[in-house]
Structure formats: structure tokens, C-alpha cells
Amino acid sequence: QVQLVESGGGLVQAGGSLRLSCAASGLTFSSAHMGWFRQAPGKEREFVASINWRGGRTYYADSVKGRFTISRDNAKNTMYLQMNSLKPEDTAVYYCAAKYASGTYYYTVPTRAYEYNYWGQGTQVTVSS
């Protein structure tokens with residue numbers, strides 16, 4: 001049974017930083033593309049960042065480019081999201097997601113929520129102004 005568990009969320013002032021973690025189990029982590037998404041109240045879930053199975057390719061939403069950094073440690077079955085220069089509009093529940101790199105998605109790293117098969121429960125990030 002695949003489990004993705006996010007941690008590291010919390011309350012931070014604008015301009016501050018947080019580091020989210022996503023610990024995976026029941027998954028061949030090193031064979032999966034991984035992604036971060038977020039959902040603010042009353043809004044649809046939106047793409048934040050994704051990383052390929054080897055960690056060599058990363059993708060970001062324009063809204064976080066230059067402020068957030070996605071990374072992974074395949075030896076620890078863990079993915080990270082370093083968030084700097086946080087803004088109140090970054091407030092949301094942050095979710096990690098996984099998609100095995102196979103078939104059509106062997107090289108293609110998903111950036112849409114529907115492309116991912118496995119999801120965590122989310123961690124709340126609140127940025128105060």
C-alpha cells in the first residue's frame with residue numbers, strides 16, 4: 001500500500017521560509033516522478049513543482065519560480081520543497097503526489113493533478129502578512 005506523508009507545514013510571516021518533506025512508503029520511490037500541488041480555500045488544486053525519478057529535471061509553476069526549490073533523496077525515499085520569500089498568496093494545503101515513470105510517462109514528468117496516481121493527505125502552510 002502506497003503511503004505519502006507530508007510534513008513541515010506551519011505558520012510563517014511573509015518573507016519567511018519553510019521546508020516541506022514528503023516521505024514515501026510502499027512505493028519504488030526511485031522509479032517514480034514526484035510532484036507538489038497546493039489548494040487554497042475555494043480554489044482548485046494547482047501545480048507547484050515536479051521532479052523526475054532521477055532528480056535531474058525539475059519543473060515549476062511561474063508563481064513560485066525563483067522562490068521554491070524541489071529536490072529528492074532516493075536513498076531516503078523522501079522529496080522536499082524548500083520555500084523561500086513566502087507570500088500570503090502561498091497560503092494553502094500542500095500535497096505531494098507520485099507517478100511511476102513508465103510507458104508514456106517514462107520521460108514525461110507530469111504537471112497536472114489528474115496525471116498522478118498517488119497522493120498524500122496534505123500539510124497546511126499559512127503565510128501571514
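From a predicted model like this one, the values you see are computed outputs, not experimental measurements.
Across every non-hydrogen atom of Ala24 and Leu4, the tightest pair is CB-CD2, 3.6 Å. Residues Ser129 and Pro88 come closest through the heavy atom pair CB-CG, 3.8 Å. When all heavy atoms of Leu27 and Ala32 are compared, the closest pair comes out as CD2-CB, 4.2 Å. Looking at every heavy atom in both residues, Ala113 comes nearest to Phe37 through N-CE2, 3.5 Å.
The ring pair (Phe, Tyr, Trp, His ring centres under 6.0 Å) test applied to Tyr118 returns no partner, not counting sequence neighbours. For the side chain to side chain contact (heavy atoms under 4.5 Å, CB included) test, residues two or more places apart in sequence or in another chain that qualify with Ser128 are Leu11, Gln13. The side chain to side chain contact (heavy atoms under 4.5 Å, CB included) check on Lys65 picks up Tyr60, Asp62, with sequence neighbours excluded. Every residue meeting the side chain to side chain donor-acceptor pair (under 3.5 Å) condition with Thr126, not counting sequence neighbours, appears here in chain and number order: Gln124. In terms of the salt bridge (Lys or Arg N to Asp or Glu O under 4.0 Å) criterion, residue partners of Arg67 (sequence neighbours excluded) are, by chain and number, Asp90.
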Contacts table for residues 46-53: side-chain donor-acceptor under 3.5 angstrom, sequence neighbours left out:
from: Glu46; atom 1: OE2; to: Arg38; atom 2: NE; distance (Å): 2.5
from: Glu46; atom 1: OE2; to: Arg38; atom 2: NH2; distance (Å): 3.1
from: Ser50; atom 1: OG; to: Pro110; atom 2: O; distance (Å): 3.3
from: Asn52; atom 1: OD1; to: Gly55; atom 2: N; distance (Å): 3.0
from: Asn52; atom 1: OD1; to: Gly56; atom 2: N; distance (Å): 2.8
from: Asn52; atom 1: OD1; to: Arg57; atom 2: N; distance (Å): 2.8

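Test Val93, Leu18, Leu81 against Val125 for side chain to side chain contact (heavy atoms under 4.5 Å, CB included) and you get one pass: Leu18.
Distance NZ/Lys43 to CD/Glu89: 8.5 Å, rounded to 0.5 Å. In this structure, CE on Met34 lies 14.5 Å from OG1 on Thr58, to the nearest 0.5 angstrom. Distance check: Arg72 CZ to Ser21 OG gives 13.5 Å after rounding to the nearest 0.5 Å.
For residues 77-86, every residue pair satisfying the side chain to side chain donor-acceptor pair (under 3.5 Å) rule, not counting sequence neighbours, is listed here: Ser17-Asn84, Gln82-Asn84. Within the structure, the disulfide (SG to SG under 2.5 Å) test picks out no pair touching residues 100-129 (sequence neighbours left out). A side chain to side chain donor-acceptor pair (under 3.5 Å) check over residues 99-108, counting only residues at least two apart or in different chains, returns the pairs Lys99-Asn117, Tyr105-Glu115. Residues in residues 23-87 take part in no disulfide (SG to SG under 2.5 Å) pair, two or more places apart or across chains. Among residue pairs with one or both ends in residues 37-84, none qualify as disulfide (SG to SG under 2.5 Å); sequence neighbours excluded. The disulfide (SG to SG under 2.5 Å) contacts involving residues 2-49 comprise Cys22-Cys96, where partners must be two or more places apart or lie in separate chains.
At a threshold of 4.5 Å between side-chain heavy atoms, the hydrophobic network of Ile, Leu, Val, Met, Phe, Trp and Tyr places Val12 and Leu20 in one connected group. Under a hydrophobic clustering in which Ile, Leu, Val, Met, Phe, Trp and Tyr are joined whenever their side-chain heavy atoms come within less than 4.5 Å, directly or via other members, Ile70 and Tyr116 fall into different clusters.
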- Message: Run the side chain to side chain contact (heavy atoms under 4.5 Å, CB included) test on Phe68 and Trp36 for me, step by step, so that the C-alpha distance in whole Å, both residues' side-chain angles and the decisive distance to 0.1 Å come before the verdict.
- Response: CA-CA 11 Å; Phe68 291 10; Trp36 286 101; over 6 Å; no
- Message: I'd like to know whether Met83 forms a side chain to side chain contact (heavy atoms under 4.5 Å, CB included) with Tyr94, so could you lay out the CA-CA distance, the side-chain angles of the two residues, the decisive distance to 0.1 Å, and finally the verdict.
- Response: CA-CA 11 Å; Met83 304 187 296; Tyr94 283 70; 3.9 Å; yes
- side chain to side chain contact (heavy atoms under 4.5 Å, CB included) evaluation trace for Phe29 with Lys76: CA-CA 9 Å; Phe29 186 76; Lys76 295 183 178 179; over 6 Å; no
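A heavy-atom distance below 4.5 Å is not found between the side chains of Val5 and Ser7. Between Arg45 and Trp119 the shortest side-chain heavy-atom distance falls below 4.5 Å.
Taking a 6.0 Å sphere around CD of Gln121, one finds it holds 12 or fewer heavy atoms contributed by other residues, nucleotides or ligands.
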